[in-house]
Structure formats: C-alpha cells, structure tokens
Asks: 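Here you go, one structure.
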Amino acid sequence: MPDENNETVDMKDIVALCKRRGFVFPASDIYGGINGFWDYGPLGVELKNNLRDLWWKQMVTTPPIGPDGEPLQIVGLDSSIIQNPKAWEASGHVGGFSDPMVDCKETKKRYRADHLIVLIPNDGDGAWLALHEDAEATEIDKRIKKIGKGSKENYKIETLVSLDTKDYEKIIAPDTKEKGTLTEPKEFNLMFDTHVGATASEDNKAYLRPETAQGIFLNFKNVVDSSRVRMPFGIAQIGKAFRNEVTPRNFIFRSREFEQMEMEWFCHPDEVKKWHDFWFEERMKFWESIGLAGSNLIKRDHDKDELSHYAKEGLGTADIEYRFPFTAPGFGELEGVAHRCDFDLKAHAEASGQKLDYLDPARDNERYVPHVIEPAAGLTRGVLALICEAYTPDPNRPSGVYLNFHPSVAPKKAAILPLTAKEEHVPLATKLYMELREDFPVDLDIKQNIGKRYARQDEIGTPFCFTIDNDTIEDQTVTVRHRNTMKQERIVMDNVAEYMRKEMALMEK
RNA sequence: GCGGGUGUAGCUCAGUGGUAGAGCAUCAGCUUCCCAAGCUGAGGGCCGUGGGUUCGAUCCCCAUCACCCGCUCCA
C-alpha cells in the first residue's frame, strides 16, 4: 500500500478484489453472511499457509541464533481448542471476560455495573443516586446536596447489581441529572462458550479458547518431561482462537474467529530484559523479510493502563504495528511481544495443584517458576497486512492494480502462458507447467488473449509469467514477464526453475 | 451497544407501484506473435430476508440480517 504521503487506497477496493479473485469471502455468504466471520478462498488459503509456514520455519524448524551465538531451542505444539474450563478460570479469562456493563442513554457513557453504587432514600421517597464505587465522601455529599435531599444519613447504600432492574427508572446516573437513563446490565463476555456432551447444562459448560497461549502453559510440564528441552527454550503454536468481540470491524482485522501464531519463551527471571529485546528485534526482522518494510511498520510500547492482566508487572508489552488503510495515518496491532512474567504458570500451578516450576541444572539446581516472553502474532492480521501492503494501484496497466507480493508469500509463484491457443504452443506450455509444478505453486492459463492473462496474474500478485511463442519452437526460449515492471526478457526454457530460484533469492535480500 | 448510510447480475451501478437493464468481468467459438484488443454467441438476478399496505411491491411502511462510516468497546 502507499505510504503516509499517499493514503488513497480504499479498503472497499481491497475487499472487492479479495472477493473477486478468491482471497477472502464473507462466511456463510449465500445466507447473507455472519458478522465477524470470514472464509479464505483458493488464493487466500495459499497466502495464509505461506505466512504460517514461514513463521513455523523461523520458530521451530530453523530458530534464530541466540545472543550467545548458539541456535535456540523451540519445539512445536498443537493443543486442543477446548480445554477443561478450570483452565480459563485459572488464567483469569472467565473473570476478566464477563463484566456486566450498563449504558447511560443520556450521556452515552458506559459503566461497569459492578463498579456502581446506588444511594437509596431511607423513606423510599425521591430519586436514587448512582455513583462510582470509588466516589469519596465529599463527592457523595456534593451530589446529595445538588440533586438529593438531606444528608448521607437519609440514605442507604446498595450496589447496582443487587437491585432489581425495574427500579432503574428511579436511578439518576452518575453523569446526568435525569432519572431512568441507565440500561439493563449487559454481559460482555468475550469468550464463546459451548457444552461438552449431547445435552447442555451449566455442569458441562466449556469455552472455545480466546488465545492459543494457554494450551502451551497447560502443556509446559508435558513438554519439559518429554522433549529434553532445557531453559531457556520456547514452545510454539499456531491455531484458531475465538473472541466474541463487541464490534467486529475492518474486514478480517478484528474477527470473532481468527488465527494466532504464538511462541512462549521460557527463561530465568533475571534474563527477561535480554530476551524481550531479542525477540522484538527478531520478530521485526521477520515481518520486514516478507515485505512489510519501511514506514508502515512501527514499534509501540503499551501504556501502563492498557496492559493486560498478565503483564501488569514486569516489562510490559511492545507491539509491532502496521499502518492499515483503515488506521492510517495511525497504526493497528499486528503482533505483541509481551512479558507475561510467571503469571500463567503460577496461576495454573495453584489451581491444578501441580508443580510447574523448573529445576535448573545450569544454575546449581536452582528451582524457579520461569518467566515468559511471548511474541504473539495474528496470522489472519498478517494476511491482511500483506494484502494491504501489496495492493498497488497503477493506472498505466490494464488491470489498474497489481499485488506486489513478496515472492515468498505470493499464492502463485509463476504462470505459464502459451501465447496463442495454437496447437504448437500448448504442448510446450503444458510440459513446462508439469515440470515447474513439482517445485512451485504455478498456474497454466491457455484461454483468452495474452493481455487479459497478464492482467489476471497482476491482480493475484504472481511475480513471473513465462510465455511460449513461435520462437520457443525454434530455439527453446521463453519470455519472462515481470509483474512489477512489466518488462520482458528471454531465457532458455530448461532454465526456468533455476531462474525462478535465483530471482526469488535476490528479492529476499 | 448507540447514531448515520448502503443493500438490484461475479463487479460498478442505472431504473420503474404493473413480474428488470447497461458497462465490465466470466464462459464458448473465431481471430490474434506480447499487455483486460477485435468479431459472434452464451450463462447468470424471487431486485438482502421476513412481514404489512395494495387488485398488484424491486419501488411505499415496519421488522430483521449483512456491510460501510463515526462513537463505544477491545487480552
């Protein structure tokens, strides 16, 4: 996408292209869709898999070299989406996800219902006054003086949640002077729940995971006991997560079903600063290496007050943010590198009664609960960022737009095109296609004139087109047509695979 | 969740109280030695969904769903 000087890309056009070419469809499209869910089409799934595989390679197959020059140890995991519900109570998600909220119809303000108290006149006559539970005595006095009657002695104090909602019409909300402006409390539980077993009841209620990370903590002991890893080490996992977002928005950016790529890096508490810095740099390099370079990618540290419950202590969270068209000139979160302290392992140790600490032979058999540095990326957000970054309007070419994908993520690496549908061109093209498809995802496109076919490949971001023409019959050469420049050159047909490897390696620099 | 907007062919949109059009795309055939070119033809829509008013609704009214924008919310 264009940088900050040229914010002319419209999200609508990107969404339209995604549907038209088979990257992303609205889920349940033929039934009118369903809010917050999306399907990945033939090209979208290729793109998503490419990003997923590159992440897995960086994390598990070929983890980076650590600060001391040794390759790091990271192992993979694929845990279940549904776990024992106790896991989510221990992790803080059940409590943290179920805040009842009330809205004030007058001021449009929203309050945590369990944070409001209500002053009720002892004689049952007159308005009830709602206040924040932290309100100081002077504040209460002031409010009674202003719109109430008498003094504090004339009132009893109840919590809002203990009251019958029928009585809400008597209540004056904290920031208004009128009665009856508070709505009924609404549960904002962001965890999807379901039931395990054929009949639904409170007894068998379970949750769809809102993050993949907990599956890693739950298996910490299993992995340590079975895989000979030693501190420091990482456990990586890619998978679906579910959040019942209040407002799914911005295409696939905030959806209710999404995919995460998370790695929990376990280390000694004294080393967290080193590893937090290390992983932030590594993750930044990763996104840059697949094309999200330049001013569209930034680092942002979380403010204290926005930190999640597990990161209140420690080093906090540093985000890698991308300038999406809908956030420009601002940025949206792509990945967070958090210091989760020992919050999760401690919580699960306490709740489960299991020992989740580590006996470290390298530290004189010191026994400790490891701290965790967590690079947690949104796979589906990454896909969106790649599409947005690649989207390049170009009025000088027939398609009017092309996707400038980095070759490593492009869903199709090349298209093989016979210049005409004549008998001599097609067999040669088919032969080349059959050879190339062993090594690369490639397309063979025979129909229609050559311009239309180039245009189609531009729109799906295919880096190379190889065209077979009359000269091919004579001298076994083909035309290479480059997506970004539309320039052409001729190479020997037998060298096409080698040529692609070379060119793609060059672009990865 | 609140306020505003939109919903007609794959896409971009016309249109009318009397059972629907254009351009582009798609597909087929011909043509074509390199950038959505040309010619011919084809497929494709219960006019988002459900009610109501009416002899009759794609059009008017209500509801609902989805999407967009702004708030709000957001581990």
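The figures here come from the full heavy-atom set of this structure, side chains too, leaving out hydrogens, waters and symmetry mates. Here is how names work: the chains are called A, B, and so on, in the same order as the sequence lines, proteins then strands, and each is numbered from 1.
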Asks: Which value, in whole Å, describes the distance between the C1' atoms of nucleotides G21(B) and U8(B)?
Replies: 10 Å

Asks: Does either side chain, that of Glu489(A) or that of Thr479(A), offer a donor lying less than 3.5 Å from an acceptor on the other one?
Replies: no

Asks: If pairing requires Watson-Crick or G-U wobble contacts with both distances under 3.5 Å, which nucleotide is the partner of C59(B)?
Replies: none

Asks: With both distances kept under 3.5 Å, what pairs with C35(B), Watson-Crick or G-U wobble?
Replies: none

Asks: Rounded to whole angstroms, how far apart are CZ on Arg249(A) and C1' on C2(B)?
Replies: 11 Å

Asks: Please give the distance between the C1' atoms of A14(B) and G23(B) as a whole number of Å.
Replies: 10 Å

Asks: Mind checking if Phe251(A) touches a base, just sugar-phosphate, or nothing, with heavy atoms under 4.0 Å?
Replies: sugar-phosphate

Asks: In whole angstrom, give me the gap between the C1' atoms of U19(B) and C34(B).
Replies: 48 Å

Asks: Please classify the nucleic acid contact of Gly36(A) as base, sugar-phosphate, or nothing, using heavy-atom distances under 4.0 Å.
Replies: sugar-phosphate

Asks: To the nearest Å, how far apart are Arg453(A) CZ and C27(B) P?
Replies: 11 Å

Asks: Strictly below 4.0 Å: does Lys19(A) bring a side-chain N or O up to OP1 or OP2 of C11(B)?
Replies: yes

Asks: Could you give the CE-to-C1' distance, from Met191(A) to C74(B), as a whole number of Å?
Replies: 15 Å

Asks: Determine the minimum heavy-atom distance between Asp458(A) and Arg483(A), stating which atoms define it.
Replies: OD1-CG, 3.7 Å

Asks: Any side-chain N or O of Asn449(A) under 4.0 Å from OP1/OP2 of U32(B)?
Replies: no

Asks: Looking at Lys447(A), does any N or O in its side chain come under 4.0 Å of the phosphate oxygens OP1/OP2 on C27(B)?
Replies: no

Asks: Quick check: do Arg283(A) and Ile320(A) have side-chain heavy atoms less than 4.5 Å from each other?
Replies: yes

Asks: So does Arg254(A) reach the base of C74(B) with its side chain, donor to acceptor, closer than 3.5 Å?
Replies: yes

Asks: Provide the Watson-Crick or G-U wobble partner of G7(B), both distances under 3.5 Å; none if there is no partner.
Replies: C65(B)

Asks: Would you mind reading off the distance between Lys452(A) atom NZ and A36(B) atom P, rounded to a whole angstrom?
Replies: 9 Å

Asks: For residues Gln457(A) and Arg481(A), is any side-chain donor paired with an opposing acceptor at under 3.5 Å?
Replies: no

Asks: In whole Å, measure the gap between the C1' atoms of A57(B) and U16(B) for me.
Replies: 11 Å

Asks: Looking only at atom C1', what distance separates G43(B) and A25(B), rounded to whole Å?
Replies: 13 Å

Asks: Look through every strand shown and name the nucleotide pairing with C71(B) as Watson-Crick or G-U wobble, where both distances are under 3.5 Å.
Replies: G1(B)

Asks: Indicate whether any N or O donor in one side chain lies under 3.5 Å from an N or O acceptor in the other, for Glu374(A) and His339(A).
Replies: no

Asks: In whole Å, what is the span from the CZ atom of Arg456(A) to the C1' atom of C24(B)?
Replies: 14 Å

Asks: Would you say the side chain of Glu459(A) and the base of A36(B) hold a donor-acceptor pair, judged only by whether the two atoms sit under 3.5 Å apart?
Replies: yes

Asks: Could you label the plane-to-plane angle of the Phe266(A) and Phe220(A) rings as parallel, tilted or perpendicular, counting under 30° as parallel and over 60° as perpendicular?
Replies: tilted

Asks: I'd like the P distance from C60(B) over to C11(B), given in whole Å.
Replies: 23 Å

Asks: Nearest-Å distance, CH2 (Trp38(A)) to P (A66(B))?
Replies: 11 Å

Asks: Does the ring of Phe253(A) carry Arg381(A) above it, NZ/CZ under 6.0 angstrom from centre and within 45° of its axis?
Replies: yes

Asks: Quick check: on RNA chain B, is the nucleotide nearest Thr420(A) upstream (toward 5') of the one nearest Met11(A), or the reverse? Name the residue that is more 5'.
Replies: Thr420(A)

Asks: Reckon Gln448(A) has a side-chain N or O less than 4.0 Å from the OP1 or OP2 of C27(B)?
Replies: yes

Asks: Looking across every strand, which nucleic acid part, if any, lies under 4.0 Å from Ala421(A) by heavy atom: base, sugar-phosphate, or nothing?
Replies: base

Asks: Side-chain N or O of Arg21(A) versus OP1/OP2 of A25(B): is the shortest distance under 4.0 Å?
Replies: no

Asks: Between Asn35(A) and C67(B), is there a side-chain N or O to OP1/OP2 distance below 4.0 Å?
Replies: yes

Asks: Checking all strands, does Arg481(A) fall into the base, sugar-phosphate, or nothing category for heavy-atom contacts under 4.0 angstrom?
Replies: base

Asks: Got a salt bridge between Arg456(A) and Asp445(A), using NZ or NE/NH1/NH2 to carboxylate O under 4.0 Å?
Replies: yes

Asks: Once you apply the 3.5 Å cut-off to both distances, tell me the Watson-Crick or G-U wobble partner of C47(B), or none.
Replies: none

Asks: Under 3.5 Å for both donor-acceptor distances, Watson-Crick or wobble: does G21(B) have a partner, and if so which one?
Replies: C13(B)

Asks: Quantified in whole Å, what is the C1' atom distance between nucleotide C67(B) and nucleotide A36(B)?
Replies: 28 Å

Asks: So which nucleotide does G41(B) pair with, by the Watson-Crick or G-U wobble rule with both distances under 3.5 Å?
Replies: C27(B)

Asks: Over how many whole Å does the gap from Arg243(A) atom CZ to C74(B) atom C1' extend?
Replies: 9 Å

Asks: What distance, rounded to whole Å, do you find between the two P atoms, one in C62(B) and one in U26(B)?
Replies: 42 Å

Asks: For Asp13(A) and C68(B), what is the distance between atoms CG and P respectively, to the nearest whole Å?
Replies: 14 Å

Asks: Assign each of Asn250(A) and Gln488(A) to its nearest nucleotide of RNA chain B by heavy atoms, then name whichever residue's nucleotide is nearer the 5' end.
Replies: Gln488(A)

